J.: 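Here it is, the structure, as structure tokens.
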Amino acid sequence: MTTRMPKLVAFDLDYTLWDLWIDTHVSGPLHRHKNTLNEVLDKHDSPISFYPDVPQILHRLHTAEVVVAAASRTSAPKLARQCLSLLLIPPKETEKDARPKKAADYFHQAEIYPGSKLTHFKQLHEKTGIPYSEMLFFDDEHRNREVQALGVTFCLVPNGVNHNVFENGLAMWRKRNLREITGEDTEE
């Protein structure tokens with residue numbers, strides 16, 4: 001089996017990368033307590049953080065030089081962007097002397113505004129030039145499967161992104177693109 005990655009991996013935010021709806025469960029402004037890793041607090045000091053495996057997944061995508069995108073239909077885009085700017089991702093375990101980076105630094109593209117995911121992906125395609133067939137999208141809502149009509153591989157995220165969900169999404173993308181990747185047919 002190939003280990004090739006899609007050229008672009010996109011993530012919804014709410015209940016995909018973090019366990020809340022930023023537009024209903026969070027009150028701005030947001031702040032970080034000193035240099036706390038993977039945690040931001042809202043005005044009531046309620047914490048917001050990525051699911052535990054997300055930082056390692058972002059590191060893996062960065063190392064593989066995959067374009068990472070956020071695709072969220074939240075009605076609080078400013079708050080979502082602020083959260084990504086404040087969340088600190090710890091360095092990889094192998095980089096002991098490295099400093100934490102803002103989560104926003106791992107996202108090359110951000111389509112964060114109300115509306116259809118079809119619009120988000122048309123914008124991602126237009127801005128990056130990456131074919132839809134080279135895109136993998138993780139989202140917690142069934143209705144956002146609509147992006148499959150464009151050729152994007154969709155992976156449903158039932159309880160937040162973790163290593164298993166991520167690997168399943170990659171396997172789905174590779175199976176869908178097997179002929180292009182290896183010259184083999186996908187039928188068994």
Side-chain angles (χ1 to χ4, degrees), residues 8-58 61-62 66-90 100-128 132 135-150 152-163 165-166 168-169:
L8 184 146
V9 173
F11 298 96
D12 176 46
L13 298 174
D14 298 341
Y15 288 102
T16 300
L17 293 185
W18 50 54
D19 67 345
L20 50 79
W21 286 305
I22 198 101
D23 55 3
T24 59
H25 297 150
V26 175
S27 299
L30 305 179
H31 64 281
R32 183 178 54 239
H33 178 70
K34 298 186 180 177
N35 285 326
T36 304
L37 298 176
N38 193 26
E39 184 180 85
V40 172
L41 304 170
D42 76 354
K43 86 174 191 180
H44 303 293
D45 288 334
S46 297
I48 307 156
S49 61
F50 284 140
Y51 288 108
D53 293 344
V54 170
Q56 291 175 338
I57 291 167
L58 292 175
L61 292 169
H62 178 76
V66 172
V67 173
V68 177
S72 173
R73 66 169 78 229
T74 183
S75 60
K78 187 175 178 180
L79 212 50
R81 288 177 188 275
Q82 184 183 22
C83 191
L84 290 174
S85 292
L86 288 171
L87 277 170
L88 290 178
I89 301 295
K101 288 185 182 177
K102 294 177 184 179
D105 292 346
Y106 288 88
F107 289 84
H108 304 92
Q109 298 291 323
E111 297 297 318
I112 304 174
Y113 46 84
S116 168
K117 296 291 172 115
L118 291 171
T119 303
H120 292 132
F121 277 87
K122 287 176 183 176
Q123 286 298 307
L124 288 171
H125 172 68
E126 187 175 308
K127 290 175 180 178
T128 66
Y132 295 116
M135 297 182 184
L136 170 59
F137 180 42
F138 293 89
D139 195 304
D140 67 308
E141 293 186 68
H142 289 278
R143 68 180 170 159
N144 294 323
R145 287 181 189 275
E146 66 187 2
V147 300
Q148 292 180 126
L150 299 172
V152 175
T153 301
F154 176 85
C155 181
L156 185 65
V157 178
N159 297 302
V161 170
N162 59 41
H163 289 301
V165 168
F166 185 69
N168 288 340

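For reference, positions follow the sequence shown, starting with 1. Since this is a predicted model, take the numbers as computed values, not measurements.
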J.: In terms of side-chain heavy atoms, does Glu39 have a donor or acceptor partner in His33 at a distance below 3.5 Å?
T.: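 Per modelled atom types, Glu39 and His33 side chains form no pair under 3.5 Å.
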J.: Hey, is the main chain of Ser49 close enough, under 3.5 Å, to the side chain of Asn38 for a donor-acceptor pair?
T.: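 Between the backbone of Ser49 and the side chain of Asn38 there is no qualifying donor-acceptor contact (under 3.5 Å).
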J.: Is there a side-chain contact between Tyr15 and Val157 in this structure, where contact means two heavy atoms from C-beta onward sitting under 4.5 Å apart?
T.: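 With C-beta onward as the side chain, the pair stays apart.
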J.: For Asp105, does the CG atom sit with more than 12 other heavy atoms under 6.0 Å from it, leaving out its own atoms?
T.: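 Count over threshold, so yes.
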J.: When rounded to the nearest 0.5 angstrom, what is the spacing between CG in Leu136 and CG in Leu61?
T.: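 Nearest 0.5 Å value for the CG-CG distance: 9.0 Å.
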J.: Which value, rounded to the nearest 0.5 Å, describes the distance between Leu30 atom CG and Arg81 atom CZ?
T.: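 Answer rounded to 0.5 Å: 14.0 Å.
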J.: Just verifying a value: how many Å separate Asn162 CG and Ile57 CD1, rounded to the nearest 0.5 Å?
T.: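 Taking CG in Asn162 and CD1 in Ile57, the distance rounds to 6.5 Å.
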J.: I need the Leu86 CG to Ile48 CD1 distance, nearest 0.5 Å.
T.: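 Nearest 0.5 Å value for the CG-CD1 distance: 9.0 Å.
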J.: Give a yes or no answer on whether the side chain of His120 reaches the backbone of Tyr113 with a donor-acceptor pair at less than 3.5 Å.
T.: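 Between the backbone of Tyr113 and the side chain of His120 there is a qualifying donor-acceptor contact (under 3.5 Å).
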J.: Are Tyr106 and Leu87 close enough that some pair of their side-chain heavy atoms sits under 4.5 Å apart?
T.: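 No, their side chains stay 4.5 Å or more apart.
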J.: How close do Tyr51 and Gly160 get, counting heavy atoms only, and between which atoms?
T.: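 The answer is CE1-CA, 3.3 Å.
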J.: Quick one: OG on Ser27 to NZ on Lys43, what's the gap to the nearest 0.5 Å?
T.: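 Reported value, rounded in 0.5 Å steps: 5.5 Å.
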J.: Test Ile112 against Leu84 for side-chain contact (heavy atoms from CB on, under 4.5 Å), laying out the working first.
T.: CA-CA 11 Å; Ile112 304 174; Leu84 290 174; 4.1 Å; yes
J.: Are any non-hydrogen side-chain atoms of Val165 and Asn168 less than 4.5 angstrom apart?
T.: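 No, their side chains stay 4.5 Å or more apart.
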J.: Which atom pair, heavy atoms only, marks the closest approach of Phe50 to Pro55?
T.: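 Nearest pair, atom of Phe50 first, then Pro55: CB-CD, 4.4 Å.
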J.: Can you check whether Thr36 reaches Leu41 side chain to side chain, under 4.5 Å on heavy atoms?
T.: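 Thr36 does not reach Leu41 side chain to side chain.
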J.: Does the side chain of Phe166 reach to within under 4.5 Å of the side chain of Val54, using non-hydrogen atoms?
T.: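 The answer is no; the side chains never approach within 4.5 Å.
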J.: Considering all heavy atoms of both residues, which atom of Gly169 and which atom of Cys155 are nearest to each other, and what is their separation?
T.: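 Smallest interatomic distance, heavy atoms only, reads CA-SG, 3.7 Å.
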J.: Report the residue from Leu124, Thr153, Leu156, Asn144 that forms a side-chain contact (heavy atoms from CB on, under 4.5 Å) with Phe137.
T.: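 That would be Asn144.
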J.: For Phe107 and Phe11, take the angle between the two ring planes, folded into 0 to 90°, and tell me which bin it lands in: parallel under 30, tilted 30 to 60, perpendicular over 60.
T.: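 Perpendicular, since the angle between the ring planes exceeds 60°.
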J.: For the side chain of Arg32 and the backbone of Leu88, is there at least one donor-acceptor N/O pair under 3.5 Å apart?
T.: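 No, the answer is negative, given that no donor and acceptor are paired below the 3.5 Å cut-off.
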J.: Look at the side chain of Asp14 and the backbone N and O of Trp21, then say whether any donor-acceptor pair between them is shorter than 3.5 Å.
T.: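 No.
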J.: Could you check if a side-chain atom of His31 sits within less than 4.5 angstrom of a side-chain atom of Asp45, using non-hydrogen atoms only?
T.: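 In contact.
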J.: Side chains of Asp53 and Val161: closer than 4.5 Å at any heavy-atom pair?
T.: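 No - every pair of side-chain heavy atoms lies 4.5 Å or more apart.
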J.: Does Lys117 offer a backbone N or O that forms a donor-acceptor pair with the side chain of Glu146 under 3.5 Å?
T.: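 Pair found, side chain donor or acceptor close to backbone of Lys117.
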J.: Any side-chain heavy atom of Cys83 sitting closer than 4.5 Å to one from Ile22?
T.: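 In contact.
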J.: State whether the side chain of Asp23 and the backbone N or O of Ser75 hold a donor-acceptor pair below 3.5 Å, judged by distance alone.
T.: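 It does hold such a pair.
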J.: Could Glu111 and Lys127 be called an ion pair, given the rule that one side-chain N must be under 4.0 Å from one carboxylate O?
T.: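 Between Lys127 and Glu111 there is a salt bridge, with a charged N closer than 4.0 Å to a carboxylate O.
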J.: Would the number of heavy atoms belonging to other residues, nucleotides or ligands and lying under 6.0 Å from NE2 of His108 be above 12?
T.: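 Check passes, neighbour count above 12.
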J.: Report the distance from atom CZ of Phe154 to atom CE of Met135, rounding to the nearest 0.5 Å.
T.: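 Phe154 CZ to Met135 CE: 15.5 Å, rounded to 0.5 Å.
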J.: Hey, does the side chain of Asp42 reach the backbone of Val26 with a donor-acceptor pair shorter than 3.5 angstrom?
T.: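 Flag not set: sc Asp42 to bb Val26 has no pair under 3.5 Å.
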